[in-house]
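Working notes, beginning with the structure itself.
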There are 2 protein chains.
Amino acid sequence: MTAIRDTETIRILTVDDHQLLREGIAAVLESQEDMTIVAQASNGREAVESFRRLRPDVTLMDLRMPDMSGIEAITVIRHEFPNARIIVLTTYAGDAQAAAALKAGAAGYLLKNLVRKELIETIRAVHSGKRRIPPEIATEIAEHVADDELTDREIEVLRRVAAGKSNKLIAAELDISEGTVKTHMKSILPKLDASDRTHAVMIALKRGILDL
Amino acid sequence: MTAIRDTETIRILTVDDHQLLREGIAAVLESQEDMTIVAQASNGREAVESFRRLRPDVTLMDLRMPDMSGIEAITVIRHEFPNARIIVLTTYAGDAQAAAALKAGAAGYLLKNLVRKELIETIRAVHSGKRRIPPEIATEIAEHVADDELTDREIEVLRRVAAGKSNKLIAAELDISEGTVKTHMKSILPKLDASDRTHAVMIALKRGILDL
DNA sequence: CCAAGGATCTCCCAAAAGGGGTAGGGCACC
DNA sequence: GGTGCCCTACCCCTTTTGGGAGATCCTTGG
């Protein structure tokens with residue numbers, strides 16, 4: 001039995017700020033003989049530290065976490081270790097979030113309402129170098145790839161709109177003219193296919209462009 | 001050992017649409033000798049059925065679920081079994097949600113980012129007839145008890161505002177005059193302490209008065 | 001060097017939203 | 001039989017928003 005080679009065991013890092021969920025993942029994975037959890041982290045910063053130290057074969061990463069978000073953590077890890085295999089495991093937060101995670105280098109994107117089998121199957125697939133995006137998420141992302149994305153400035157404006165600020169106030173905060181804020185709004189509305197600023201904010205929330 | 005009385009074992013029902021999280025709860029609770037999970041449900045409807053059949057001592061209930069929400073399930077269960085001890089276990093969804101759950105009869109309100117100890121301690125406390133509301137949630141709720149609540153009609157209007165509809169369109173949909181919609185808005189904004197309709201929608205989302 | 005995209009600014013105009021006040025009708029609770 | 005609350009409706013007026021068009025400046029990338 002001691003002859004089983006290490007390379008046959010998938011070494012896993014789990015990252016989520018919900019201890020209960022990590023326990024659930026652990027319970028599921030530890031029933032698999034070829035999987036072992038080598039560390040757990042509860043935010044992005046800890047995830048990066050653990051990854052550097054342990055170089056897990058597969059990382060399960062939530063996106064919304066205090067301290068450092070999953071997207072940031074994925075970006076840092078993949079920058080240092082381009083071969084890192086990372087699976088996002090989160091509640092759905094919109095196509096923009098999912099697309100950002102994949103752009104940052106995630107190899108899979110799972111929703112937390114999955115069943116054991118999907119989790120295990122995806123870990124094996126990603127470990128062997130494949131990518132795994134569930135069709136419903138792929139579809140959502142595909143629906144918006146052709147869209148014109150909001151620029152950083154436009155998001156900055158929209159974030160303030162969501163805070164209930166008038167164009168005039170936003171202009172003062174950003175130190176630009178009110179006319180320019182209006183120009184940005186005139187660019188934002190058609191990009192999001194929104195009928196007015198309130199609608200634009202709602203769409204941005206649903207798509208994960210803004211956070212609540 | 002067979003002399004230990006049944007009444008010393010706390011019989012628990014867990015309700016959550018995330019299988020992984022239920023596994024986590026199970027892993028934590030089954031390490032406790034005096035706790036046993038008698039059933040699991042993945043939505044409100046199943047929760048009500050399971051409760052009727054098994055009469056668990058304590059129920060752990062999520063709020064957002066398909067089919068029937070946790071609030072509805074709590075309402076139904078407590079109507080049939082006024083002594084049912086139910087603990088809400090959810091990600092924070094605003095003071096309005098929490099207040100609604102407590103009004104429906106929940107005895108505790110826990111957040112999913114809790115640690116094992118809190119969960120176990122709360123189950124024991126609630127089982128023995130106590131109520132347990134974490135101070136940060138109690139504070140949030142308390143901050144708004146003095147507020148004038150939105151009426152059903154106002155929420156109906158606000159929901160449509162959130163959908164990006166103009167006062168005129170909302171008036172047509174509700175079959176009232178545009179002036180009346182404006183009257184409702186003039187009532188909504190100060191109640192939510194919002195500067196405009198966009199702000200009102202954001203506040204309603206954060207407080208759990210509206211869903212995304 | 002030129003093109004493209006982004007950010008900035010201006011002007012004009014119509015539509016929508018917000019703030020003030022007033023008021024009638026219906027319904028439930030004392 | 002009031003009192004209070006809600007929904008409804010209207011008035012007037014100001015501010016804000018959204019739509020159309022044009023134009024400059026700067027940076028980035030062939």
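Fair warning: this is a prediction, and the values are worked out from it, not measured in the lab. Naming convention: chains lettered A, B, ... in sequence-line order (proteins, then strands); numbering from 1 in each chain.
The nearest whole Å value for the distance from the NZ atom in A:Lys182 to the P atom in C:dC9 is 14 Å. If you take CG of B:Asp148 and C1' of D:dC6, they are 12 Å apart, rounded to a whole angstrom. In this entry the distance linking CD of B:Glu154 with C1' of D:dT8 reads 13 Å, nearest Å. Atom CD1 in A:Ile170 sits about 15 Å away from atom P in C:dA7, given to the nearest Å. Between B:Lys186 atom NZ and D:dC7 atom P there is a gap of 16 Å when expressed in whole angstrom units. If you measure from atom CE of A:Met185 to atom P of C:dT10, you get 19 Å, rounded to the nearest angstrom. One interatomic measurement links the two molecules: CG of A:Leu158 to C1' of D:dT17, which rounds to 15 Å at whole-angstrom precision. Between B:Ile155 atom CD1 and D:dC6 atom C1' the separation is 14 Å, expressed in whole Å.
For B:Ser50 (side chain) and B:Ala47 (main-chain N/O), no donor-acceptor pair under 3.5 Å exists by modelled atom type.
Nearer the 5' end of DNA chain D, as judged by each residue's closest nucleotide, is the contact made by B:Ile176, out of B:Ile176 and A:Asn167. The residue among A:Lys191 and A:Thr180 whose nearest nucleotide of DNA chain C lies closer to the 5′ end is A:Lys191.
A salt bridge (Lys or Arg N to Asp or Glu O under 4.0 Å) with A:Glu149 holds for exactly one of A:Lys191, A:Lys103, A:Arg207; it is A:Lys103.
Counting distance only, with no hydrogens placed and no angle test, the side-chain atoms of A:Thr183 and the base atoms of C:dC9 include a donor-acceptor pair under 3.5 Å.
A sub-4.0 Å separation between OP1 or OP2 of D:dA9 and a side-chain N or O of B:Ser177 is present. Proximity of B:Arg197 to the phosphate of C:dA17: a side-chain N or O atom is located under 4.0 Å from OP1 or OP2. Distances shorter than 4.0 Å separate none of the side-chain N or O atoms of B:Ser166 from OP1 or OP2 on C:dA16. Proximity of A:Lys168 to the phosphate of D:dT15: no side-chain N or O atom is located under 4.0 Å from OP1 or OP2. Here A:His184 reaches the OP1 or OP2 of C:dT8: one of its side-chain N or O atoms lies under 4.0 Å away.
Using cut-offs of 30° and 60° on the angle between ring planes, the pair B:Phe81 and B:Phe51 is tilted.
Here A:Lys165 does not pair with B:Asp196 in a salt bridge; the nearest charged N to carboxylate O distance is not below 4.0 Å.
Distance NE2/A:His184 to OG1/A:Thr151: 6.5 Å, rounded to 0.5 Å.
For B:Thr151, counting side-chain heavy atoms from C-beta on, the closest listed nucleotide (D:dG19, D:dC7, D:dC10) is D:dC7.
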